[in-house]
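Inspection log for the structure reproduced underneath, given as structure tokens.
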Amino acid sequence: MSRDFAFIQTSPGRAFVGWGPFEQLPFRRPGYPAFFITDFFLDEPRPWRHPAEWAEMPLHELATRFDSQVTPEVNWRPMPAERVAAAIHMAQQSIELGEFKKIVPVAFEYGQLATQASPWSYVLSRLALLPCGMWAYGFSIGEGGVAGATPEVLFRSHGRGYTTMALAGTRPVARSRELLQDPKELREHRLVVDDIVRRLAPFGNVEVGALGVMSLPGIAHLITPVFFMENGVEPMSFSDMVRRLHPTAALGFSPRNEAAERWLREFDRDVQRRSFGAPFGFEDDDHAQALVGIRNIEWNRDQVRIGSGAGVIAESDAALELEELRQKREQVKALFGLVGVEAWT
């Protein structure tokens, strides 16, 4: 199967799938479903991609559309920890100057596919077995592709209501109970909750749920569900909701100001996060859904990378943040069953 395609999980084990060629537009055509695919900074002028054909199907059925079941092997290159630690230190210097309270730099681990066959069949078969709390998504356009299993939902529509979440604070799943007792993690999480409420409250009623712990394979996170009911005469568009919420303080910065965005854009000159952490969504006339594009693997031909982010606040410890970044990348490798071989240089 060589056609361009995109998919997004809509319920347990099922996904909406669209096949190309895609019509790319700055808006969604009324009456037609479309995918919302953009970059982290929302600079893409034509984020809507309308598929030529579409269907809803089980994820495992989508996997059968591909010929190969070869387990992908990857030669991984060690991530430059010193460079990431320096970025964390620079972020804390800006925090000390009062430019912002929290920011989330990202780092990537790069590799090279050692197998020649397309990894899609194997990757999609793994996504069909996702545990509760993770949402599959991805696309293959041209020679590049992304496949992910994110625990973070930016929003899902329910009539004129929306569910969203604050998801911040990380521990190995065996130590998940520590999250509810760690002042640093609780403060970082609260910044995310407050940011969401601040962004939505002027446009409707916001209800904040109870703080809890989301336990996933390998790692756990603090989670607070949030429900929003808009009260305007005209309903908010998909793009309105995206710009209200993205990036939340879980993957962006707090407070939202020019200094923080400038810091991330400057940092991005070397990192080039592209779509990592960006909203990945789907909308038709009845439903809207946007995921936060994390916990994924990207590839272009035989080059692959896995990204991860860690929230930096004044109390952050660089060694602990580096370990958190590693844990998140290892979770992705485990979810996709990626077989690692000797590191390459």
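Side chains included, hydrogens not; waters and symmetry mates left out as well; all remaining heavy atoms used.
- With F108 as the aromatic partner, R305 meets the cation-pi criteria of under 6.0 angstrom to the ring centre and within 45 degrees of the ring axis.
- From L59, atom CG reaches atom CZ of R14 across 9.5 Å, with rounding to the nearest 0.5 Å.
- Note that CD of E185 is 10.5 Å distant from NE2 of H221, once rounded to the nearest 0.5 Å.
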Steps toward side chain to side chain contact (heavy atoms under 4.5 Å, CB included) verdict (M90, Q93): CA-CA 5 Å; M90 285 169 28; Q93 287 181 320; 4.3 Å; yes
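- More than 12 heavy atoms of other shown residues, nucleotides or ligands fall within 6.0 angstrom of atom CZ in R265.
- At distances below 3.5 Å, at least one donor-acceptor pair connects side-chain atoms of R3 with backbone N or O atoms of G20.
- Between F35 and F16, the distance from one ring center to the other falls under 6.0 angstrom.
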Derivation and outcome, side chain to side chain contact (heavy atoms under 4.5 Å, CB included), residues N205 and N231: CA-CA 7 Å; N205 181 58; N231 60 10; over 6 Å; no
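- Among all heavy-atom pairs drawn from R329 and I306, the shortest one is CD-O, 3.6 Å.
- The number of heavy-atom neighbours closer than 6.0 Å to NE2 of H158, taken from other residues, nucleotides and ligands shown, is above 12.
- Taking the side chain as every heavy atom from C-beta outward, F227 and V206 never approach each other to under 4.5 Å.
- Considering OG1 of T164 and CG of L200, their distance stands at 7.0 Å, rounded to 0.5 Å.
- Within 6.0 Å of atom CZ in F27, more than 12 heavy atoms from other residues, nucleotides or ligands are found, so the atom counts as buried in its surroundings.
- By the 6.0 Å and 45° rule, R273 stacks over the aromatic ring of F40.
- Across E323, E178, E324, a single residue satisfies salt bridge (charged side-chain N to carboxylate O under 4.0 Å, His left out) together with R171, and that is E178.
- Looking only at side-chain heavy atoms (C-beta outward), W54 and P33 come within less than 4.5 Å of each other.
- For residues 21-42, the set of pairs meeting the salt bridge (Lys or Arg N to Asp or Glu O under 4.0 Å) definition, not counting sequence neighbours, comprises E23-R29, R28-E283, R28-D285.
- Counting all heavy atoms, side chain and backbone alike, L216 lies closest to P151 at CD1-CB, 3.6 Å.
- When all heavy atoms of E298 and V146 are compared, the closest pair comes out as CG-CG2, 3.7 Å.
- Here the side chain of R199 pairs a donor or acceptor atom with the backbone of R243 at under 3.5 angstrom.
- Counting heavy atoms from C-beta outward, E230 and Y162 have side chains that approach closer than 4.5 Å.
- Looking only at distances, no side-chain donor or acceptor of S275 sits under 3.5 Å from a matching main-chain atom of A278.
- Rounding to the nearest 0.5 angstrom, the gap separating the CD atom in Q303 from the CZ atom in R77 is 8.0 Å.
- Nearest heavy atoms, F336 versus A147: CZ-O, 3.4 Å.
- Listed for the K328 side chain is a donor-acceptor partner under 3.5 Å among the backbone atoms of G309.
- The pair R83-D270 fails the salt-bridge criterion, with no side-chain N (NZ, NE, NH1 or NH2) lying under 4.0 Å from an Asp/Glu carboxylate O.
- Clustering ILVMFWY residues whenever any of their side-chain heavy atoms sit less than 4.5 angstrom apart, transitively, puts V173 in a cluster other than the one holding I294.
- Side-chain contact, N75 with Q112: no donor N or O sits under 3.5 Å from an acceptor N or O.
- Between F253 and W263, the distance separating the two ring centers is not shorter than 6.0 angstrom.
- In this structure, the side chains of F36 and F238 come closer than 4.5 Å at one or more pairs of heavy atoms.
- Under the 4.5 Å side-chain criterion, counting only non-hydrogen atoms from C-beta, I219 is in contact with R295.
- Pairs engaging residues 245-259 under the side chain to side chain donor-acceptor pair (under 3.5 Å) rule: D195-R256 [sequence neighbours left out].
- Side-chain atoms of T150 and N296, non-hydrogen and from C-beta on, never get closer than 4.5 Å to each other.
- Counting only heavy atoms from C-beta outward, the side chains of I8 and F280 approach each other to under 4.5 Å.
- Of the charged side-chain nitrogens involved, at least one lies within less than 4.0 Å of a carboxylate oxygen, so that K333 and E109 count as a salt-bridged pair.
- W135 and L130 make their closest contact through C-CD1, 4.1 Å (heavy atoms, listed as atom of the first residue, atom of the second, distance).
- By the rule that hydrophobic residues join a cluster once side-chain heavy atoms approach within less than 4.5 Å of another member, M229 and L154 end up as members of separate clusters.
- For the residue pair Q327 / Q331, no side-chain donor-acceptor distance below 3.5 Å is found, with atom types taken as modelled.
- With no hydrogens or angles considered, no side-chain donor-acceptor pair links H60 and S125 at under 3.5 Å.
- Atom CE in M165 sits 13.0 Å away from atom CG in L222 (nearest 0.5 Å).
- Between the side chain of E321 and the backbone N or O of A310, no donor-acceptor pair lies under 3.5 Å.
- The distance from the CH2 atom of W48 to the CZ atom of F282 is 9.0 Å, given to the nearest 0.5 Å.
- If you check the side chains of E56 and T10, you find a donor sitting under 3.5 Å from an acceptor.
- The minimum heavy-atom distance between A250 and V192, with the atom names listed, is N-CG2, 3.5 Å.
- Cluster annotation: I103 is connected to V271 through the hydrophobic network of ILVMFWY side chains, with a link wherever side-chain heavy atoms come within less than 4.5 Å.
- Between the side chain of Q92 and the backbone N or O of S316, at least one donor-acceptor pair lies under 3.5 Å.
- Contact annotation: the side chain of F203 approaches that of F228 to within less than 4.5 Å [non-hydrogen atoms, C-beta and beyond].
- Side-chain heavy atoms closer than 4.5 Å link hydrophobic residues (I, L, V, M, F, W, Y) into clusters, and following such links, even through other members, never connects V208 to L186.
- A salt bridge does not link R198 with D194: none of the charged nitrogens is closer than 4.0 Å to a carboxylate oxygen.
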Stepwise side chain to side chain contact (heavy atoms under 4.5 Å, CB included) check, L127 with Y137: CA-CA 9 Å; L127 288 175; Y137 66 96; over 6 Å; no
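- Hydrophobic cluster membership differs between L191 and I95, with clusters built from Ile, Leu, Val, Met, Phe, Trp and Tyr side chains linked at under 4.5 angstrom.
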Side chain to side chain contact (heavy atoms under 4.5 Å, CB included) between L211 and H189, intermediate numbers included: CA-CA 10 Å; L211 173 67; H189 185 82; 3.5 Å; yes
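- Heavy atoms from other residues, nucleotides or ligands lying under 6.0 Å from NZ of K184 number more than 12.
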